[in-house]
Structures are given as structure tokens and as C-alpha cells.
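Below is one structure; the comments refer to it alone.
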Amino acid sequence: MIVPMTAVVIVGGGPGGYDAALVAAQMGAEVTLVDSDGIGGSAVLTDCVPSKALLAVAESATQVRQSGLLGITGAAEAIGVDLAAVNARIRGLAGSQSADTAERCVREGVRLLAGRGRLDGPGAVVAELASGGTQRIEADAILLATGARPRTLDSALPDGQRILTWEQVYELAEVPERLVVVGSGVTGAEFACAYQALGSEVVLVSSREHVLPGEDPEAAQVLEDVFERRGMTVLRRTRATAATRTGDSVVVTLADGSTVTGSHCLMAVGSVPNTEDLGLPGAGVRTTDAGHVEVDRVSRTSARGVYAAGDCTGVLLLASVAAMQGRIAMWHALGGAVAPLDLRTVSSNVFTDPEIATVGYTQADVDAGRVRADVVTLPLATNARAKMQGISDGFVKVICRRGTRIVIGGVVVAPKASELIFGLSLAVEQRMTVDEVAATFTVYPSLTGSLAEAARRLRAFD
Ligand SMILES: Cc1cc2nc3c(=O)[nH]c(=O)nc-3n(C[C@H](O)[C@H](O)[C@H](O)COP(=O)(O)OP(=O)(O)OC[C@H]3O[C@@H](n4cnc5c(N)ncnc54)[C@H](O)[C@@H]3O)c2cc1C
């Protein structure tokens with residue numbers, strides 16, 4: 001007997017879509033991936049990859065600028081940034097990453113269609129092809145992974161030259177003289193950090209009391225201190241209501257009627273899901289008031305056979321989570337073993353300088369009594385390796401459940417925290433106790449030594 005192949009159609013080629021396409025192809029499905037803007041999605045072409053590449057340049061510039069502290073002379077004074085060259089390199093590497101991903105999809109048997117897809121009922125997708133014409137594809141399972149785009153305000157419409165979204169900054173030929181960043185969430189903080197390091201005078205407009213309102217408060221405080229020490233102006237509890245171009249400058253109006261002027265303004269005020277014009281109501285796919293596709297923990301929508309993953313679901317706006325949601329959808333649809341999405345073990349990072357990496361339960365969970373836990377925080381200023389490297393800002397924090405002593409969360413604020421967090425992520429995922437972490441050798445001298453030291457100190461609690 002010939003078993004018919006399962007037909008899978010995926011709309012959107014970002015991490016939520018392409019990773020799922022690869023999994024489905026490996027599981028033997030006939031997979032079509034429809035994407036309108038380039039495989040890799042916003043993650044590769046406009047968001048994660050370019051911003052992290054820009055921050056890598058900024059990190060190098062900061063190291064050179066601070067080299068005087070270590071006794072290196074001449075470098076800090078000589079530093080210059082050719083932003084046109086920096087951006088050309090970034091656009092190039094984003095493009096080649098997208099091409100590599102597309103090539104891998106094709107190699108693994110995924111059929112790629114360039115165009116816009118929308119549901120035609122719950123069992124088919126119609127693609128308006130970039131090359132002209134349309135194609136209707138019937139499917140046993142459909143995955144929507146259409147992502148999100150920058151939110152814009154009618155009173156501060158981006159012009160791509162001086163009033164910018166985060167997608168438009170890679171066309172800048174020169175470092176902005178004075179950049180007003182509106183929004184102090186992760187994206188706003190990362191770009192504020194990057195351009196300050198590249199030489200811009202930066203004003204960060206934060207509607208909250210502190211930058212990074214969603215992050216560990218002590219970590220946010222460290223970052224705010226560093227920002228201000230390096231000369232950034234942070235306007236707290238200040239909402240921007242408009243941004244207007246006047247010749248070579250941008251005037252940003254604040255809620256109290258006052259204004260801030262910059263040569264450029266970057267709007268980082270959140271994102272909106274790409275869920276209009278997808279034929280959702282006709283297919284019986286429910287959305288939230290904010291327009292996100294409603295999904296359960298195995299990525300099912302309200303329509304049978306239709307799944308959704310990534311930013312269009314609003315579950316947690318991370319590439320890693322999008323990819324996991326997409327994989328889970330395919331495992332579920334194609335009958336593989338599947339564990340529901342568990343956000344408690346997600347590690348994430350803010351790529352500022354210093355970086356802020358977190359995993360698992362947070363200080364806010366402990367303070368609010370959502371979990372009974374003990375917390376130890378160790379400043380890096382006492383770590384031998386940190387002293388050698390001239391690192392004075394940052395800390396490690398380890399959180400363990402009271403009673404069982406199992407590590408349930410942590411924070412690392414340090415250069416390369418995104419790498420250092422892995423030990424804690426492993427401990428959280430594998431439900432290791434502080435004794436087990438404390439008994440693990442760390443290199444001497446190393447920043448990870450502080451993680452083991454924090455675990456040792458937690459052993460004393462009981
Ligand atoms: C500045 C910035 C930096 C970030 N940095 C990080 C980071 O360092 N690490 C991290 O984990 N996350 C990061 N994120 C978040 C991350 O980019 C997103 O979570 C991730 O892109 C979500 O993946 P996705 O597949 O849902 O959507 P996307 O990556 O947005 O891909 C969706 C794709 O679908 C296409 N599409 C939309 N509608 C249709 C349609 N109708 N038909 C066909 N195709 C369609 C889009 O054009 C796009 O190509 C960052 C976000 C921003 C804004």
C-alpha cells in the first residue's frame with residue numbers, strides 16, 4: 001500500500017516558518033513555503049541579524065575607546081566609524097544568511113514560493129506570486145508564521161531618512177549626530193547603546209521609571225547607570241507624542257508639551273502582528289484584540305489543521321521561541337512525539353553593553369510570591385577575571401527553589417552574558433540542584449566562577 005504524503009503549507013519564511021519547513025521535510029511531508037520578503041524573515045533581514053551585527057561593531061568600538069584604562073595609548077583617540085561601510089557589511093551578511101537558509105530549504109526538499117499567502121478556508125492557501133499570477137495549494141496542515149512589523153504612530157510617521165524604524169537604519173551613510181530613541185524596551189535600549197558607542201549623542205525617551213521595564217530591575221539599573229555615565233540622556237516617565245521633520249533635524253514632542261531635537265529619531269514603540277489579509281475569519285482562525293493569532297501550547301489555532309508560530313502569535317517575541325513553536329506544530333501535525341511549549345526554560349538576552357541574559361523564574365516572581373525561592377546576587381567587581389579584564393559593571397544572580405534547592409532561574413549581566421547564561425540554562429532545564437552546580441569545576445579565573453560561587457552561597461540557605 002502506498003501511504004499518501006502529508007501536504008504541508010507554511011506561510012512566512014522567518015524562524016517560525018523555515019525551521020518548521022525543515023522539520024516537516026525531514027519527517028517526509030511534501031512542504032511548500034510561501035514567503036513575501038525573503039527566507040529568514042525579519043529575523044534575518046531586518047531584526048536580529050542586522051541589529052546584532054551592528055552591536056558587534058559597537059562592542060568593538062567601546063573596547064577600543066576604553067583601552068586607555070588598561071594602559072593602551074593612542075587607540076581611543078584615533079577611533080572613527082565608517083557607517084556606510086558598516087551598514088554595507090551588515091546588509092551583505094543578512095542577505096547571504098537569507099540565501100544560505102533558502103538554499104538549505106531547497107536542498108532538503110522544501111518547495112519555495114516567492115509571494116504572499118493567505119488562507120482559502122482551513123484547508124488551502126492561495127499564493128499571490130511575486131512573478132505574477134496566483135497558485136492555490138491544498139494542504140493537510142497549514143502553519144501561519146507571518147511575523148510582525150514595527151508599530152508606527154500617525155503623528156511620527158517614518159520617512160526612512162531622519163525619522164526611522166529599526167528596519168530602516170541600515171541605509172544610514174553617517175553616524176547620526178544626535179539620535180532621539182523613542183522607547184526603552186529591548187529594541188530601544190539596544191539601538192541607544194549601539195549608536196552611543198558609534199559616536200552619536202543619544203537621548204533615550206522612556207515612558208517608564210526605568211529602561212527595560214520587562215527585565216530584572218537590578219540589571220536594568222546597571223545598564224541605566226552605564227548609559228548615563230557614558231553621557232546618554234535618559235528621559236524617564238516621558239511619553240513622546242509626535243516627531244516632525246524640520247529640515248535637517250527632527251523635533252520630538254513630549255506629552256508635557258516640551259520638545260527634544262535631534263538630527264535623527266528612531267521609533268522603537270513595539271510591533272504589530274502581520275495578520276490582516278490572511279483570510280483568518282473565513283477559515284475560522286480566532287485572533288486576540290491586538291490581532292495576534294490565538295494558539296495553544298502545541299501551536300494549534302481555533303481552526304482544525306491550521307497552526308501558527310512566532311511573532312504573529314505574540315506568545316514571546318523571540319526567534320528561538322518562534323522556531324520552537326514552528327517545530328512543535330510540525331511534530332504535532334505529523335504525528336511525532338511532542339512536548340508542549342514551556343516558556344519557563346527560555347533563555348533570552350539583551351545585547352547591550354553590558355549584556356543582560358536571563359533564564360527561568362525572575363526576581364519579580366520571587367518578590368510577588370509566585371514561587372518560594374532564595375536568591376543570591378554576586379557583583380562581578382569581586383571576580384578576579386573581571387578585574388583583569390577591566391569589567392566593573394555587572395553581576396550574576398542565581399535563584400533556587402526553597403526546600404528542593406533546584407535552580408529555577410538566573411540573570412547574568414556581563415560582557416557576553418548571552419554565552420555565560422548557558423550553564424544556568426542547563427541547570428534550569430535539567431533541574432539541577434545548587435549542590436550539583438556548586439560541585440562543578442569552573443575554570444580559574446573565569447566569570448563563570450561567580451555562577452558556581454553563587455550556587456555555593458545558596459547551599460548555606462535553609
Ligand atoms: C530589532 C530587533 C532585534 C531582535 N533581536 C532578536 C534576537 O537577538 N534574538 C531573538 O531571539 N529575537 C530577536 N528579535 C525578535 C525576532 O526577530 C522575532 O521574534 C522573530 O523574527 C520572529 O520570527 P517569525 O518567524 O515569527 O517572523 P519573521 O522573522 O518576522 O518572519 C516572517 C516572514 O513572513 C513574511 N510574511 C508576512 N506575511 C506574509 C504573507 N502573507 N505571505 C508570505 N509571507 C509573509 C514576512 O515578510 C517575513 O519574511 C528581535 C526583534 C527586533 C525587532
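Remember, it's 1-based here, ligands and their atoms both numbered in the order they're listed.
- Not a single heavy atom of R118 sits under 4.0 Å from any atom of ligand 1.
- The N/O atoms of S42, backbone and side chain alike, include one that comes under 3.5 Å of an N/O atom in ligand 1.
- The nearest non-hydrogen atom to atom 45 (C) of ligand 1, considering only A323, A145, S36, G13, comes from S36.
- For atom 51 (C) of ligand 1, the closest non-hydrogen atom on the protein side is D47 CB, 3.7 Å.
- Protein heavy atom at the shortest distance from atom 46 (C) of ligand 1 is D37 OD2, 3.9 Å.
- For ligand 1, the polar-atom distance check against G16 finds a nitrogen or oxygen pair separated by under 3.5 Å.
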### Task
Mind running side chain to side chain donor-acceptor pair (under 3.5 Å) on T134 and E128 for me, showing each step along the way?
CA-CA 4 Å; T134 59; E128 280 171 38; over 6 Å; no

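- A side-chain donor-acceptor contact under 3.5 Å links R162 to the backbone of D248.
- Remark: ligand 1 and N274 share no N or O pair separated by less than 3.5 Å (distance only, no angle test).
- The closest side-chain heavy-atom distance from V186 to L212 is below 4.5 Å.
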### Task
For side chain to side chain donor-acceptor pair (under 3.5 Å), just list the numbers for T6 and D140, CA-CA rounded to whole Å, side-chain angles, deciding distance to a tenth of an Å, and then say yes or no.
CA-CA 6 Å; T6 308; D140 303 298; 4.8 Å; no

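- Distances from atom 23 (O) of ligand 1 to the heavy atoms of G14, A309, P15 put P15 nearest.
- Looking from atom 27 (O) of ligand 1 to the surrounding protein, the closest heavy atom is G147 CA, 3.3 Å.
- In this structure, E419 and K416 have side chains that are in contact, with non-hydrogen atoms separated by less than 4.5 Å.
- With hydrogens left out, the protein atom closest to atom 21 (O) of ligand 1 is A43 CB, 3.3 Å, a heavy atom.
- For atom 37 (C) of ligand 1, the choice among T146, L144, L45 with the nearest heavy atom turns out to be T146.
- Ranked by closest heavy atom to atom 35 (C) of ligand 1, the top entry among L54, D35, L33, V346 is D35.
- When only non-hydrogen protein atoms are considered, atom 11 (O) of ligand 1 lies nearest to A319 N, 2.9 Å.
- Taking 4.0 Å as the cut-off, G115 counts as a neighbour of ligand 1 on heavy-atom distance.
- If you check each of D311, T275, T187, L113 against atom 1 (C) of ligand 1, the one with the closest non-hydrogen atom is T187.
- Heavy atoms of Y18 come nearer than 4.0 angstrom to ligand 1 in no pair at all.
- At a threshold of 4.5 Å between non-hydrogen side-chain atoms, the residues L54 and R89 do not count as touching.
- Annotation: side chain of V315 is in contact with side chain of Q325 (closest heavy-atom distance under 4.5 Å).
- When hydrogens are left out, the protein atom nearest atom 15 (C) of ligand 1 is L317 O, 3.5 Å; that is the closest non-hydrogen contact.
- Look at D216 and K397 and you find a salt bridge, because one of the NZ, NE, NH1 or NH2 atoms lies within 4.0 Å of a carboxylate O, short of that distance.
- Judged by the 6.0 Å distance and 45° axis criteria, R370 is not positioned over the aromatic ring of Y361.
- Inter-residue side-chain proximity for W166 and P150 is flagged as met; some heavy-atom pair is nearer than 4.5 Å.
- The shortest side-chain heavy-atom distance between V203 and L179 does not fall under the 4.5 Å cut-off.
- In this comparison of S348, G326, G12, C48, the heavy atom closest to atom 9 (N) of ligand 1 sits on C48.
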